[in-house]
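Order of the sequence lines sets the chain letters (A, B, ...), proteins ahead of strands, with each chain counted from 1.
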Amino acid sequence: MRTVLDADALRAAVEQLSDRVADAMAGVPRWALVGIRSGGVPLADRIAARVAARGLQPLRGDVDITLYRDDLYTGLEKPVLGDTDLPFEVGGCGIVLVDDVLFTGRTVRAALEEVWDFGRPAFIRLAVLVDRGHRELPIAPDFVGAAVRTEQSDRVTVDWAADRVIVETRRTP
Amino acid sequence: MKRKDMLGLRDVAREEIQEILDVADQMREVGRRRVKKVPPLRGRTVVMLFFEASTRTRTSFELAAKRLSADTLGFNVSTSSTAKGESLMDTARNIYAMQPDAVVVRHAYAGAPHMLARAFPWSVLNAGDGINEHPSQALLDMLTMRDRLGALEGRTVAIVGDVQHSRVARSNIYGLTTMGAKVVVAGPGTMCRSELRGLPVEVRHTVDDVVRDADVVMMLRIQRERLGRAVLPSAREYAAFYGLDLQRLERARPDVVVMHPGPINRGVEIAADVADGPNSVILDQVTNGIAVRMALLFLTLGSGEEATA
């Protein structure tokens, strides 16, 4: 196990990410920060706080993508459903999807499909704290905190409580 | 939950009931969206096999399947081959040849869904078999109770009416007891015999008795077919002795939860102002029914056991 972002680096990454989002959204009349459960939710909260300091007040929502996963009956041991809450009109609204780690892109694909069931957004942008590579779909982030090199079999965790991002290597014998 | 069917609550463990209720809880949000559809059962086929009349249970199951993106097929017994004398197994074989993933079955004979579950690899959901069980109804009842009361452990639930012949009562008794609640039943002696001791309930005969200490009072529908026969003399007499009216309700706890599986006979087992009053959760039961049936379809069809070959 190795720490790829310590407390200082994590804070800097969140600030940089939030600044980039704020720069891009400055003139947008109606937009929302939408966290992808569960890792994206605390990140979206932090971004919301930082952009508020820049005078921006986006709408706020969260989505749980469990029912939209492409591996629902094959990959998961037991699906645990979380809350999806988009308490605003999605039609015509700019959406900034937020997730902590971007990997294959399948989670984002599921989130896109889910958001579409609520209405036709004006646009969707993607903000991620860590881009760990190994994309399996043509999905790219618009805003990134940090890029980290990993193996396919690694496990990347953003530990907000301990203020760090760690990578666990799983060695196959 | 790792079972391909939901046939009854008699042998369902506490953790499984918990899981079904938790998933149902989450499924409710789908019903509040504009586009009331999520993808898990996309392209799967769910057949409604109703050999007994039903509007609400059948509609509820159909909506549940459609909200999970499944396709549904209705089998109407009055115009079907059963009227022409086809046996249950032959009907099932013919339907199985259309490759459905699940069948929702309501039948006059207890055990019919169980037979269909054993004979074919599809998922079978029991929508009521004779006077045996009606598990989805009991589960939606428990979800509704949980909403109002929090945990069901230690609660007292009173079921009033023709308990003897009620599959709703039976499933509720099994489920509630598993979740740690206490069930007391009351009704006329002809409908609530002491032999009910086969079930884990306390049998009383006065409604006023059970209403006083209960957290939940569930009124069962008096089946009009039974009125005027030896089982029960008249609707008015039933209402006088066993119906839930405002006067009786006053003897209950102020926050008692009043339930009814529907359809209600206003003025017989339940007074109009009680059914429409603040203690009544009858309409919530209907909303919760769709969510519970979504949870059952989701869990049985995703149980990991292959549905069709």
>> Atom CZ of residue position R14(B) - does it have more than 12 heavy atoms of other residues, nucleotides or ligands inside 6.0 Å?
In response: yes

>> Is the shortest side-chain heavy-atom distance between M27(B) and L67(A) below 4.5 Å?
In response: yes

> Would you find more than 12 non-hydrogen atoms of other residues, nucleotides or ligands less than 6.0 Å from R10(B) atom CZ?
Replying inline: no

>> Check this for me: Q152(A), atom CD, are more than 12 non-hydrogen atoms of other residues, nucleotides or ligands nearer than 6.0 Å?
In response: yes

>> Please classify the contact of K36(B) with chain A as side chain, backbone, both or neither, using a heavy-atom distance under 4.5 Å.
In response: neither

>> Non-hydrogen contacts under 4.5 angstrom with chain B: give the residues of residues 98-129 of chain A involved, or none if there are none.
In response: E113(A), E114(A), D117(A), F118(A), G119(A)

>> Under a 4.5 Å cutoff for heavy-atom pairs, which residue among E29(B), R33(B), R34(B), K37(B) has the most contacts with chain A?
In response: R33(B)

> Is any side-chain heavy atom of Q26(B) less than 4.5 Å from a side-chain heavy atom of D83(A)?
Replying inline: yes

> Is it the case that more than 12 heavy atoms not belonging to L137(A) sit under 6.0 Å from its CG atom?
Replying inline: yes

> For R30(A), does the CZ atom sit with more than 12 other heavy atoms under 6.0 Å from it, leaving out its own atoms?
Replying inline: yes

> About how many Å separate CZ of F298(B) and CG of L81(A), when rounded to the nearest 0.5 Å?
Replying inline: 5.0 Å

